[in-house]
Amino acid sequence: MRQPRIAVILDENTSTGGTRYEAGKGYFRAMRDAGGLPFGIPYVPEIVDIVLNEFDGLVSVGGRFAYPDDWYITGEVSKAPPSERLDVERAIVEGFLKRDKPILGICAGMQMLACLNGCRLTPDLRATFPTAGEHDKRDHRHPVDILPESRLAEIIGKPRIEVNTFHREAIAQLSAAVIASARAEDGIIEAIEVVSASFAIGLQWHQEQFAETDHPGNAVFRSFVEAASGIKPVGR
């Protein structure tokens, strides 16, 4: 059986002009260690159909760029810079959803997956949720509680894990098309699953930073690559 080819949408340096593609090596190491073959995908519209037709799984990575105004709760808009990433990534994510190919969204990738399925964001979670804990500090960690009987609970096998956290935006309104499969103690949504998809999971935290450690969340990478290989879990 050939190794599944995994498309990894590249990030870019939006804070310094958007002149370079960027991507943490953890995304690629995680896919390799889980048995996949990862490929970085640039923001080239002509590449969209090739990715949709020739790749087996999609990783939508973290980043900071503006989403459309109507992806936010009423009266709010993004404070992030625009990016040409938006249109290319959106087309690829929508295409993978239509084809029911596996998708793993991380941080911004989770938020795009959520918004394409009817959820809405806040651009500043501390302003919208004043009692929320710390979520935007790179050296900070906090626990998340995993929803029993969710796909994530089945994959990780633990009711609670500790994750990193550095995100300013967050899901503020959940749609019926997704479930919140993990939340922080303050109620902030930390993971989602698209109900209608065979495998479309979003993680708000940066699991790729745990790629070379013995972190229980790395089971998500293995399950994702298995799904991209066409391996179905027992009972599904």
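One is the number of the first residue; the rest follow in order along the sequence. The model shown is predicted, which means the values in this text are computed figures rather than measured ones.
Shortest non-hydrogen contact noted between Ile155 and Ser223 is CD1-OG, 3.4 Å. Among all heavy-atom pairs drawn from Pro4 and Gly35, the shortest one is CD-O, 3.7 Å. Scanning both residues, Gln204 and Ala170, for their nearest heavy atoms gives OE1-CA, 4.5 Å. Nearest heavy atoms, Ser83 versus Thr14: CB-CG2, 4.4 Å. Contact detail for Pro123 and Ser78: the closest heavy-atom pair is CB-CA, 4.2 Å. Summarising the geometry of Ile6 relative to Met31, their closest heavy-atom pair is CG2-SD, 3.7 Å, with the distance given to 0.1 Å.
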Side-chain donor-acceptor distances from residues 92-106 under 3.5 Å, at least two apart:
{"unit_1": "Glu94", "atom_1": "OE2", "unit_2": "Arg90", "atom_2": "NE", "d": "3.2"}
{"unit_1": "Arg99", "atom_1": "NH1", "unit_2": "Gly95", "atom_2": "O", "d": "3.2"}
{"unit_1": "Asp100", "atom_1": "OD1", "unit_2": "Ser198", "atom_2": "N", "d": "2.9"}
{"unit_1": "Asp100", "atom_1": "OD2", "unit_2": "Ser198", "atom_2": "OG", "d": "2.5"}
{"unit_1": "Lys101", "atom_1": "NZ", "unit_2": "Leu52", "atom_2": "O", "d": "2.5"}
{"unit_1": "Lys101", "atom_1": "NZ", "unit_2": "Phe55", "atom_2": "O", "d": "2.9"}

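The shortest distance between side-chain heavy atoms of Ser60 and Leu113 does not fall below 4.5 Å. Side-chain contact between Leu86 and Met112 is present, with heavy atoms from C-beta onward closer than 4.5 Å. Side-chain contact between Phe39 and Val51 is absent, with no heavy atoms from C-beta onward closer than 4.5 Å.
Rounding to the nearest 0.5 angstrom, the gap separating the CD atom in Glu212 from the CG atom in Asp33 is 6.5 Å. Considering CG of Leu121 and CD1 of Ile171, their distance stands at 6.5 Å, rounded to 0.5 Å. Atom CD of residue Glu190 and atom CG of residue Leu203 lie 9.5 Å apart, to the nearest 0.5 angstrom. Summarising the geometry, atom CD belonging to Glu193 is positioned 4.5 Å from atom OG belonging to Ser150; distances are rounded to the nearest 0.5 Å. The line from CE of Met110 to CH2 of Trp205 is 9.0 Å long, rounded to the nearest 0.5 Å. Rounded to the nearest 0.5 angstrom, Phe65 CZ and Glu12 CD are separated by 8.5 Å.
Donor-acceptor pairing under 3.5 Å is lacking for the side chains of Asp56 and Ser229. Using a 3.5 Å distance cut-off with no hydrogens or angles, the side chains of His215 and Gln207 do pair a donor with an acceptor.
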>> Walk me through whether Tyr72 and Glu169 qualify under side chain to side chain contact (heavy atoms under 4.5 Å, CB included).
In response: CA-CA 10 Å; Tyr72 294 87; Glu169 300 193 352; 3.1 Å; yes

>> Applying side chain to side chain contact (heavy atoms under 4.5 Å, CB included) to Val61 and Arg85, what does each step give before you reach the verdict?
In response: CA-CA 11 Å; Val61 307; Arg85 170 179 168 177; 3.9 Å; yes

> Between Arg183 and Asp145, does a salt bridge (charged side-chain N to carboxylate O under 4.0 Å, His left out) hold up when you go through it step by step?
Replying inline: CA-CA 5 Å; Arg183 292 180 184 265; Asp145 294 308; over 6 Å; no

> Do Asp11 and Arg64 pass the salt bridge (charged side-chain N to carboxylate O under 4.0 Å, His left out) test, and can you show the C-alpha distance, the side-chain angles, and the key distance before you say yes or no?
Replying inline: CA-CA 8 Å; Asp11 189 21; Arg64 183 172 183 264; over 6 Å; no

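A donor-acceptor contact shorter than 3.5 Å is absent between the side chain of Asn117 and the backbone of Ala177. Under a 3.5 Å cut-off, the side chain of Arg120 and the backbone N or O of Asp70 do form a donor-acceptor pair. The backbone N or O of Pro143 lies less than 3.5 Å from no partner atom in the side chain of Arg160, so there is not a single donor-acceptor pair.
In this pair, Trp71 and Tyr67 present their aromatic rings tilted. The plane angle is within the 30 to 60° band.
Val77 and Ile73 are members of different hydrophobic clusters when ILVMFWY side chains are connected at heavy-atom separations under 4.5 Å. Hydrophobic clustering (side-chain heavy atoms under 4.5 Å, transitive across Ile, Leu, Val, Met, Phe, Trp, Tyr) keeps Leu152 apart from Ile179.
The side chain to side chain contact (heavy atoms under 4.5 Å, CB included) check on Lys25 picks up Arg29, with sequence neighbours excluded.
Each ring pair (Phe, Tyr, Trp, His ring centres under 6.0 Å) pair with one or both residues in residues 15-34, not counting sequence neighbours, appears once here: Tyr21-Tyr43.
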